[in-house]
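Okay, so here's the structure we're looking at.
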Amino acid sequence: MLTRTDAKARSLADLPPVQSDSLLALIALCEADPRPDKIDVGVGVFRDGAGNTPILKVMKEAERRLVDTQVTKAYLGSAGDKKFAELLRPILLGEHAADDRIAGVQTPGGCGALRLGFELIATSNPQARVLVGTPTWPNHPPIIAAVGLERVDYPYYERGQGAIRFEDMRNALRDGQPGDVALLHGCCHNPTGADLDAAQWAEVTDLCRERGLIPLVDIAYQGFGRGLDEDAAGLRGILAACDEVIIAQSCDKNFSVYRDRVGSLFVKTGSSEATARAMGHVFQRAREMWSMPPDHGAAAAHIILEDPELHARWLIELAAMRDRINSVRQRIAAADPRLAFIGRQFGMFSMLPLSKDQVLKLREDHAIYMAESGRFNVVGMSDGQIDRFTAAVVEALDA
Ligand code: LMR
(Lines give C-alpha, C1' and ligand atoms only; values in the text may rest on other atoms or scores of the structure.)
Protein backbone atom coordinates (compact mmCIF):
# COMPACT_ATOMS: atom_id res chain seq x y z
CA MET A 1 0.00 0.00 0.00
CA LEU A 2 1.28 3.48 -0.81
CA THR A 3 2.03 5.67 2.19
CA ARG A 4 0.88 9.27 1.98
CA THR A 5 3.39 11.89 3.05
CA ASP A 6 3.22 15.65 3.13
CA ALA A 7 6.37 15.89 1.08
CA LYS A 8 5.83 17.11 -2.44
CA ALA A 9 5.48 14.07 -4.67
CA ARG A 10 8.15 13.86 -7.30
CA SER A 11 6.78 13.78 -10.79
CA LEU A 12 8.34 13.00 -14.13
CA ALA A 13 8.63 16.74 -14.61
CA ASP A 14 11.09 16.84 -11.69
CA LEU A 15 13.62 14.70 -13.52
CA PRO A 16 16.95 16.43 -14.07
CA PRO A 17 18.26 16.57 -17.62
CA VAL A 18 20.47 13.68 -18.62
CA GLN A 19 23.81 14.12 -20.32
CA SER A 20 23.28 12.22 -23.55
CA ASP A 21 25.84 9.59 -24.57
CA SER A 22 28.62 11.52 -26.23
CA LEU A 23 29.20 9.04 -29.09
CA LEU A 24 25.56 8.88 -30.09
CA ALA A 25 25.24 12.65 -29.73
CA LEU A 26 28.12 13.04 -32.21
CA ILE A 27 26.14 11.28 -34.95
CA ALA A 28 23.41 13.90 -34.70
CA LEU A 29 25.88 16.80 -34.48
CA CYS A 30 27.71 15.71 -37.61
CA GLU A 31 24.49 15.05 -39.49
CA ALA A 32 23.33 18.59 -38.73
CA ASP A 33 26.55 20.14 -40.14
CA PRO A 34 25.77 21.42 -43.67
CA ARG A 35 29.44 21.50 -44.80
CA PRO A 36 29.74 18.96 -47.65
CA ASP A 37 33.34 18.01 -46.87
CA LYS A 38 32.70 17.10 -43.21
CA ILE A 39 34.55 14.11 -41.80
CA ASP A 40 32.75 11.85 -39.34
CA VAL A 41 35.27 9.92 -37.29
CA GLY A 42 33.04 9.74 -34.23
CA VAL A 43 30.94 6.65 -33.70
CA GLY A 44 32.47 3.26 -34.49
CA VAL A 45 31.06 2.09 -37.80
CA PHE A 46 33.27 0.72 -40.57
CA ARG A 47 33.28 2.77 -43.77
CA ASP A 48 34.81 1.72 -47.05
CA GLY A 49 37.14 3.78 -49.23
CA ALA A 50 34.16 5.66 -50.65
CA GLY A 51 32.93 6.53 -47.16
CA ASN A 52 29.97 4.15 -47.09
CA THR A 53 28.89 1.41 -44.68
CA PRO A 54 27.47 -1.06 -47.17
CA ILE A 55 25.61 -4.20 -46.14
CA LEU A 56 28.01 -7.10 -46.75
CA LYS A 57 27.19 -8.92 -49.99
CA VAL A 58 27.12 -12.20 -48.14
CA MET A 59 24.68 -10.73 -45.62
CA LYS A 60 22.37 -9.56 -48.42
CA GLU A 61 22.43 -13.09 -49.81
CA ALA A 62 21.69 -14.59 -46.39
CA GLU A 63 18.84 -12.13 -45.84
CA ARG A 64 17.34 -13.07 -49.21
CA ARG A 65 17.48 -16.73 -48.24
CA LEU A 66 16.00 -15.92 -44.85
CA VAL A 67 13.04 -14.09 -46.36
CA ASP A 68 12.48 -16.91 -48.86
CA THR A 69 12.64 -19.76 -46.37
CA GLN A 70 11.47 -18.45 -43.00
CA VAL A 71 8.05 -19.90 -42.28
CA THR A 72 7.28 -18.45 -38.88
CA LYS A 73 8.18 -15.64 -36.54
CA ALA A 74 6.84 -17.41 -33.46
CA TYR A 75 8.74 -16.87 -30.20
CA LEU A 76 12.09 -18.59 -29.76
CA GLY A 77 12.48 -18.10 -25.99
CA SER A 78 14.96 -16.18 -23.85
CA ALA A 79 17.95 -18.05 -25.31
CA GLY A 80 17.11 -16.75 -28.78
CA ASP A 81 18.51 -18.79 -31.66
CA LYS A 82 20.39 -21.63 -29.96
CA LYS A 83 22.01 -22.80 -33.17
CA PHE A 84 23.39 -19.30 -33.78
CA ALA A 85 25.21 -19.42 -30.41
CA GLU A 86 26.48 -22.92 -31.24
CA LEU A 87 27.81 -21.83 -34.63
CA LEU A 88 29.74 -19.02 -32.96
CA ARG A 89 31.60 -21.38 -30.64
CA PRO A 90 34.47 -22.40 -32.93
CA ILE A 91 34.95 -18.82 -34.10
CA LEU A 92 35.06 -17.35 -30.63
CA LEU A 93 36.26 -20.18 -28.40
CA GLY A 94 38.60 -22.01 -30.82
CA GLU A 95 40.08 -25.05 -29.09
CA HIS A 96 37.60 -24.58 -26.20
CA ALA A 97 34.55 -24.92 -28.45
CA ALA A 98 33.72 -28.41 -27.14
CA ASP A 99 34.15 -27.49 -23.45
CA ASP A 100 30.76 -28.23 -21.84
CA ARG A 101 31.57 -25.91 -18.96
CA ILE A 102 31.04 -23.03 -21.40
CA ALA A 103 27.50 -22.07 -22.45
CA GLY A 104 26.33 -19.29 -24.72
CA VAL A 105 23.18 -17.31 -25.35
CA GLN A 106 22.17 -14.85 -28.07
CA THR A 107 21.90 -11.23 -26.94
CA PRO A 108 20.89 -7.87 -28.41
CA GLY A 109 24.40 -6.86 -29.54
CA GLY A 110 27.53 -6.71 -27.43
CA CYS A 111 25.91 -4.10 -25.21
CA GLY A 112 23.13 -6.55 -24.27
CA ALA A 113 25.77 -9.20 -23.56
CA LEU A 114 27.67 -6.83 -21.28
CA ARG A 115 24.54 -5.90 -19.37
CA LEU A 116 23.57 -9.53 -18.99
CA GLY A 117 27.08 -10.54 -17.90
CA PHE A 118 27.20 -7.83 -15.24
CA GLU A 119 23.66 -8.75 -14.14
CA LEU A 120 24.91 -12.30 -13.59
CA ILE A 121 27.83 -11.05 -11.52
CA ALA A 122 25.56 -8.77 -9.46
CA THR A 123 23.16 -11.67 -8.88
CA SER A 124 25.88 -14.01 -7.68
CA ASN A 125 28.04 -11.53 -5.76
CA PRO A 126 26.76 -7.97 -5.26
CA GLN A 127 29.99 -7.18 -3.37
CA ALA A 128 32.11 -7.82 -6.45
CA ARG A 129 34.05 -4.81 -7.66
CA VAL A 130 34.77 -4.26 -11.33
CA LEU A 131 38.36 -3.34 -12.18
CA VAL A 132 38.29 -1.07 -15.22
CA GLY A 133 41.30 0.23 -17.17
CA THR A 134 40.69 3.79 -18.34
CA PRO A 135 39.94 5.15 -20.78
CA THR A 136 37.34 2.59 -21.73
CA TRP A 137 34.20 2.44 -23.87
CA PRO A 138 32.06 5.28 -22.46
CA ASN A 139 29.10 2.92 -22.01
CA HIS A 140 30.98 0.52 -19.70
CA PRO A 141 30.73 2.68 -16.54
CA PRO A 142 26.97 3.35 -16.83
CA ILE A 143 26.24 -0.35 -17.41
CA ILE A 144 28.28 -1.30 -14.33
CA ALA A 145 26.53 1.41 -12.31
CA ALA A 146 23.12 0.27 -13.56
CA VAL A 147 23.57 -3.18 -12.03
CA GLY A 148 24.79 -1.62 -8.78
CA LEU A 149 28.37 -2.90 -8.83
CA GLU A 150 31.27 -0.85 -7.53
CA ARG A 151 33.83 0.22 -10.13
CA VAL A 152 37.55 0.59 -9.47
CA ASP A 153 39.33 2.50 -12.22
CA TYR A 154 43.02 2.26 -13.02
CA PRO A 155 44.99 3.99 -15.78
CA TYR A 156 45.43 1.74 -18.82
CA TYR A 157 46.85 4.08 -21.41
CA GLU A 158 49.34 6.94 -21.71
CA ARG A 159 47.80 9.15 -24.34
CA GLY A 160 50.86 11.24 -25.17
CA GLN A 161 52.96 8.17 -25.88
CA GLY A 162 50.38 5.84 -27.36
CA ALA A 163 51.48 3.23 -24.82
CA ILE A 164 49.78 0.87 -22.37
CA ARG A 165 50.47 1.59 -18.69
CA PHE A 166 51.03 -2.06 -17.99
CA GLU A 167 52.66 -1.52 -14.61
CA ASP A 168 49.47 0.23 -13.43
CA MET A 169 47.33 -2.53 -14.86
CA ARG A 170 49.42 -5.18 -13.13
CA ASN A 171 49.20 -3.36 -9.79
CA ALA A 172 45.44 -2.89 -10.09
CA LEU A 173 44.86 -6.57 -10.81
CA ARG A 174 47.19 -7.53 -7.94
CA ASP A 175 45.05 -5.39 -5.63
CA GLY A 176 41.90 -7.19 -6.77
CA GLN A 177 40.06 -9.38 -4.28
CA PRO A 178 38.78 -12.88 -5.07
CA GLY A 179 35.44 -12.54 -6.85
CA ASP A 180 36.24 -9.11 -8.28
CA VAL A 181 35.78 -8.75 -12.02
CA ALA A 182 38.57 -7.77 -14.42
CA LEU A 183 36.93 -6.08 -17.40
CA LEU A 184 39.20 -6.78 -20.39
CA HIS A 185 39.01 -5.76 -24.05
CA GLY A 186 39.49 -8.93 -26.10
CA CYS A 187 41.03 -7.08 -29.05
CA CYS A 188 40.97 -3.76 -30.88
CA HIS A 189 40.78 -1.78 -27.65
CA ASN A 190 38.03 0.80 -27.66
CA PRO A 191 38.86 3.73 -27.43
CA THR A 192 42.67 3.52 -27.74
CA GLY A 193 43.52 0.74 -30.23
CA ALA A 194 46.28 -0.34 -27.79
CA ASP A 195 46.03 -4.10 -27.36
CA LEU A 196 47.92 -6.24 -24.88
CA ASP A 197 50.70 -8.27 -26.49
CA ALA A 198 51.02 -12.03 -25.94
CA ALA A 199 53.33 -11.67 -22.93
CA GLN A 200 51.01 -9.12 -21.32
CA TRP A 201 47.99 -11.36 -21.90
CA ALA A 202 49.88 -14.20 -20.24
CA GLU A 203 50.63 -12.03 -17.21
CA VAL A 204 47.06 -10.74 -16.97
CA THR A 205 45.83 -14.33 -17.21
CA ASP A 206 48.17 -15.44 -14.40
CA LEU A 207 47.08 -12.54 -12.22
CA CYS A 208 43.37 -13.31 -12.76
CA ARG A 209 43.95 -16.93 -11.81
CA GLU A 210 46.19 -16.21 -8.82
CA ARG A 211 43.95 -13.47 -7.41
CA GLY A 212 40.71 -15.36 -8.09
CA LEU A 213 39.40 -12.57 -10.34
CA ILE A 214 36.64 -13.24 -12.85
CA PRO A 215 37.71 -11.99 -16.28
CA LEU A 216 34.87 -10.40 -18.23
CA VAL A 217 36.16 -10.17 -21.78
CA ASP A 218 34.40 -7.69 -24.06
CA ILE A 219 35.15 -8.77 -27.63
CA ALA A 220 33.26 -6.59 -30.08
CA TYR A 221 35.74 -6.34 -32.97
CA GLN A 222 36.99 -9.88 -33.54
CA GLY A 223 38.53 -10.07 -37.00
CA PHE A 224 39.20 -6.33 -37.29
CA GLY A 225 42.73 -6.51 -35.85
CA ARG A 226 44.96 -9.35 -37.01
CA GLY A 227 42.45 -12.10 -37.87
CA LEU A 228 39.63 -14.04 -36.19
CA ASP A 229 41.89 -16.51 -34.35
CA GLU A 230 44.67 -14.02 -33.61
CA ASP A 231 42.17 -11.54 -32.13
CA ALA A 232 40.76 -14.22 -29.80
CA ALA A 233 44.14 -15.59 -28.66
CA GLY A 234 44.18 -13.63 -25.38
CA LEU A 235 40.64 -14.71 -24.56
CA ARG A 236 41.44 -18.36 -25.31
CA GLY A 237 44.46 -18.22 -23.02
CA ILE A 238 42.17 -16.93 -20.26
CA LEU A 239 39.72 -19.77 -20.92
CA ALA A 240 42.55 -22.29 -20.59
CA ALA A 241 43.63 -20.89 -17.22
CA CYS A 242 40.55 -19.63 -15.39
CA ASP A 243 37.55 -21.54 -14.13
CA GLU A 244 35.12 -18.64 -14.23
CA VAL A 245 35.04 -16.41 -17.30
CA ILE A 246 32.38 -14.25 -18.89
CA ILE A 247 32.51 -13.23 -22.56
CA ALA A 248 30.46 -10.43 -24.10
CA GLN A 249 30.66 -10.87 -27.86
CA SER A 250 29.36 -8.78 -30.74
CA CYS A 251 28.68 -9.59 -34.40
CA ASP A 252 27.50 -6.05 -35.08
CA LYS A 253 30.85 -5.03 -36.51
CA ASN A 254 32.30 -8.15 -38.09
CA PHE A 255 28.99 -8.91 -39.85
CA SER A 256 28.30 -5.19 -40.35
CA VAL A 257 24.79 -5.45 -38.92
CA TYR A 258 25.08 -2.63 -36.39
CA ARG A 259 21.45 -1.67 -36.02
CA ASP A 260 20.21 -5.26 -36.06
CA ARG A 261 21.88 -5.86 -32.66
CA VAL A 262 23.56 -9.26 -32.91
CA GLY A 263 25.69 -10.57 -30.07
CA SER A 264 26.12 -13.29 -27.51
CA LEU A 265 27.10 -13.94 -23.92
CA PHE A 266 29.23 -16.93 -23.03
CA VAL A 267 29.71 -18.11 -19.46
CA LYS A 268 32.30 -20.53 -18.15
CA THR A 269 32.28 -21.99 -14.65
CA GLY A 270 34.20 -24.88 -13.08
CA SER A 271 31.60 -27.53 -13.98
CA SER A 272 28.89 -28.09 -16.56
CA GLU A 273 26.31 -28.35 -13.74
CA ALA A 274 27.27 -24.96 -12.28
CA THR A 275 27.25 -23.45 -15.77
CA ALA A 276 23.73 -24.79 -16.39
CA ARG A 277 22.57 -23.23 -13.10
CA ALA A 278 24.25 -19.91 -13.96
CA MET A 279 22.54 -19.95 -17.36
CA GLY A 280 19.20 -20.37 -15.61
CA HIS A 281 19.88 -16.99 -13.98
CA VAL A 282 21.06 -15.56 -17.29
CA PHE A 283 17.77 -16.56 -18.98
CA GLN A 284 15.79 -15.12 -16.08
CA ARG A 285 17.63 -11.77 -16.25
CA ALA A 286 17.21 -11.72 -20.05
CA ARG A 287 13.50 -12.41 -19.64
CA GLU A 288 13.17 -9.46 -17.27
CA MET A 289 15.03 -7.08 -19.58
CA TRP A 290 14.13 -7.96 -23.16
CA SER A 291 12.36 -11.32 -22.91
CA MET A 292 14.15 -12.52 -26.00
CA PRO A 293 16.69 -11.04 -28.40
CA PRO A 294 15.76 -9.67 -31.84
CA ASP A 295 15.94 -12.46 -34.39
CA HIS A 296 16.63 -11.08 -37.84
CA GLY A 297 20.38 -10.32 -37.80
CA ALA A 298 21.29 -13.46 -35.85
CA ALA A 299 19.12 -15.58 -38.14
CA ALA A 300 20.97 -14.21 -41.18
CA ALA A 301 24.38 -14.71 -39.49
CA HIS A 302 23.24 -18.26 -38.66
CA ILE A 303 22.64 -18.91 -42.38
CA ILE A 304 26.12 -17.59 -43.23
CA LEU A 305 27.91 -19.60 -40.56
CA GLU A 306 26.07 -22.81 -41.42
CA ASP A 307 26.76 -22.71 -45.16
CA PRO A 308 30.41 -23.40 -46.10
CA GLU A 309 30.25 -21.27 -49.24
CA LEU A 310 28.68 -18.26 -47.49
CA HIS A 311 31.04 -18.72 -44.56
CA ALA A 312 34.03 -18.52 -46.90
CA ARG A 313 32.59 -15.40 -48.54
CA TRP A 314 32.11 -13.78 -45.13
CA LEU A 315 35.76 -14.40 -44.27
CA ILE A 316 36.81 -12.66 -47.50
CA GLU A 317 34.62 -9.62 -46.84
CA LEU A 318 35.81 -9.50 -43.24
CA ALA A 319 39.43 -9.60 -44.41
CA ALA A 320 38.72 -6.70 -46.78
CA MET A 321 37.40 -4.61 -43.87
CA ARG A 322 40.45 -5.53 -41.78
CA ASP A 323 42.82 -4.69 -44.63
CA ARG A 324 41.28 -1.26 -45.06
CA ILE A 325 41.57 -0.55 -41.33
CA ASN A 326 45.22 -1.54 -41.32
CA SER A 327 46.13 0.30 -44.51
CA VAL A 328 44.46 3.55 -43.37
CA ARG A 329 46.35 3.17 -40.09
CA GLN A 330 49.64 2.93 -42.00
CA ARG A 331 48.79 5.95 -44.13
CA ILE A 332 47.98 8.12 -41.12
CA ALA A 333 51.03 6.84 -39.24
CA ALA A 334 53.32 7.79 -42.13
CA ALA A 335 52.08 11.38 -42.17
CA ASP A 336 53.99 12.54 -39.07
CA PRO A 337 56.30 10.89 -36.52
CA ARG A 338 53.89 11.93 -33.77
CA LEU A 339 51.23 9.75 -35.41
CA ALA A 340 53.50 6.72 -35.84
CA PHE A 341 51.90 4.92 -32.87
CA ILE A 342 48.66 4.60 -34.86
CA GLY A 343 50.39 2.17 -37.20
CA ARG A 344 51.25 -0.14 -34.29
CA GLN A 345 47.68 -0.35 -33.00
CA PHE A 346 44.64 -2.40 -33.95
CA GLY A 347 40.98 -2.03 -34.72
CA MET A 348 38.84 0.93 -35.57
CA PHE A 349 40.00 3.37 -32.92
CA SER A 350 42.97 5.40 -31.85
CA MET A 351 43.18 8.25 -29.40
CA LEU A 352 44.96 11.45 -30.35
CA PRO A 353 46.78 13.46 -27.69
CA LEU A 354 44.48 16.45 -28.22
CA SER A 355 42.71 18.54 -25.60
CA LYS A 356 38.95 18.95 -25.66
CA ASP A 357 39.46 22.51 -26.99
CA GLN A 358 41.63 21.22 -29.83
CA VAL A 359 38.99 18.61 -30.69
CA LEU A 360 36.29 21.28 -30.73
CA LYS A 361 38.47 23.52 -32.91
CA LEU A 362 38.90 20.68 -35.42
CA ARG A 363 35.12 20.46 -35.47
CA GLU A 364 34.66 24.17 -35.98
CA ASP A 365 37.49 24.91 -38.41
CA HIS A 366 37.64 21.67 -40.38
CA ALA A 367 34.26 19.95 -39.87
CA ILE A 368 36.08 16.97 -38.36
CA TYR A 369 33.90 15.17 -35.83
CA MET A 370 35.68 13.03 -33.25
CA ALA A 371 34.96 12.24 -29.60
CA GLU A 372 36.04 14.91 -27.11
CA SER A 373 38.49 12.40 -25.64
CA GLY A 374 40.48 12.53 -28.90
CA ARG A 375 39.24 9.08 -29.94
CA PHE A 376 38.71 8.83 -33.66
CA ASN A 377 37.44 6.10 -35.94
CA VAL A 378 40.32 5.29 -38.26
CA VAL A 379 37.95 4.13 -40.99
CA GLY A 380 35.31 6.80 -40.43
CA MET A 381 36.81 8.79 -43.31
CA SER A 382 36.87 7.97 -47.02
CA ASP A 383 40.17 7.48 -48.87
CA GLY A 384 39.77 10.95 -50.36
CA GLN A 385 39.54 12.52 -46.90
CA ILE A 386 42.63 10.99 -45.31
CA ASP A 387 45.13 13.66 -46.34
CA ARG A 388 42.86 16.49 -45.22
CA PHE A 389 42.28 14.70 -41.91
CA THR A 390 45.98 14.15 -41.19
CA ALA A 391 46.92 17.69 -42.24
CA ALA A 392 44.31 19.13 -39.85
CA VAL A 393 45.44 16.86 -37.02
CA VAL A 394 49.11 17.74 -37.55
CA GLU A 395 48.15 21.43 -37.53
CA ALA A 396 46.35 20.89 -34.21
CA LEU A 397 49.36 19.05 -32.76
CA ASP A 398 51.65 21.90 -33.87
CA ALA A 399 49.47 24.59 -32.29
C1 LMR B 1 31.50 2.96 -30.48
O2 LMR B 1 32.22 2.85 -29.49
O3 LMR B 1 31.54 3.94 -31.23
C4 LMR B 1 30.53 1.86 -30.81
O5 LMR B 1 30.69 0.81 -29.93
C6 LMR B 1 29.15 2.34 -30.88
C7 LMR B 1 28.54 2.59 -29.54
O8 LMR B 1 27.49 2.03 -29.27
O9 LMR B 1 29.08 3.39 -28.75
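We number each residue from 1, following the sequence as shown. Counting convention: from 1, in listed order, for ligands and their atoms alike.
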Going by the atom numbers of ligand 1, which of them fall below 4.0 Å from some non-hydrogen atom of [X]?
X    : result
Y221 : 4 (C), 5 (O)
L23  : 1 (C), 2 (O), 3 (O), 9 (O)
V43  : 3 (O), 6 (C)
R375 : 1 (C), 2 (O), 3 (O)

Y258, portion touching ligand 1 at heavy-atom distance under 4.0 Å:
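For Y258, there is no contact with ligand 1 at all, from either part.
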Where's the contact between N190 and ligand 1, heavy-atom distance under 4.0 Å: side chain, backbone, both or neither?
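Looking at N190 and ligand 1, just side chain atoms fall under 4.0 Å.
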Report the distance from atom CG of D252 to atom CG of D260, rounding to the nearest 0.5 Å.
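Between atom CG of D252 and atom CG of D260 there are 8.0 Å.
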Looking at T53 and Y258, what are the two nearest heavy atoms and their distance?
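For T53 and Y258, the tightest heavy-atom pair comes out as CG2-CE1, 3.8 Å.
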I219 to D231 - nearest heavy-atom pair and separation:
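So the two residues come closest at CD1-O, 3.8 Å.
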Given the rule in the side-chain contact (heavy atoms from CB on, under 4.5 Å) test, do V393 and L352 qualify, once you have shown the distances and angles that lead to the verdict?
CA-CA 9 Å; V393 166; L352 293 164; 3.9 Å; yes
Relative to Y157, does R165 satisfy both conditions: NZ or CZ under 6.0 angstrom from the six-membered ring centre, and within 45 degrees of the ring's axis?
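No - R165 does not lie over the ring of Y157 by the 6.0 Å and 45° rule.
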Kindly indicate whether a cation-pi arrangement holds for R375 with F349, taking the cut-offs as under 6.0 Å to the six-membered ring centre and within 45° of the axis.
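Because its charged atom sits under 6.0 Å from the ring centre and within 45° of the axis, R375 does stack over F349.
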Consider ligand 1: state whether an atom of it lies below 4.0 angstrom from any non-hydrogen atom of N139.
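Per 4.0 Å heavy-atom rule, N139 does not contact ligand 1.
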Should K253 be listed as contacting ligand 1, given a heavy-atom distance under 4.0 Å as the test?
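Distance cut 4.0 Å: K253 passes for ligand 1.
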Note: D40-R47 ion pair, threshold 4.0 Å (strictly below)
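Looking at D40 and R47, the cut-off is met.
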Give yes or no for whether the N/O distance cutoff of 3.5 Å, strictly under, is met between G44 and ligand 1.
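So ligand 1 has an N or O lying under 3.5 Å from an N or O of G44.
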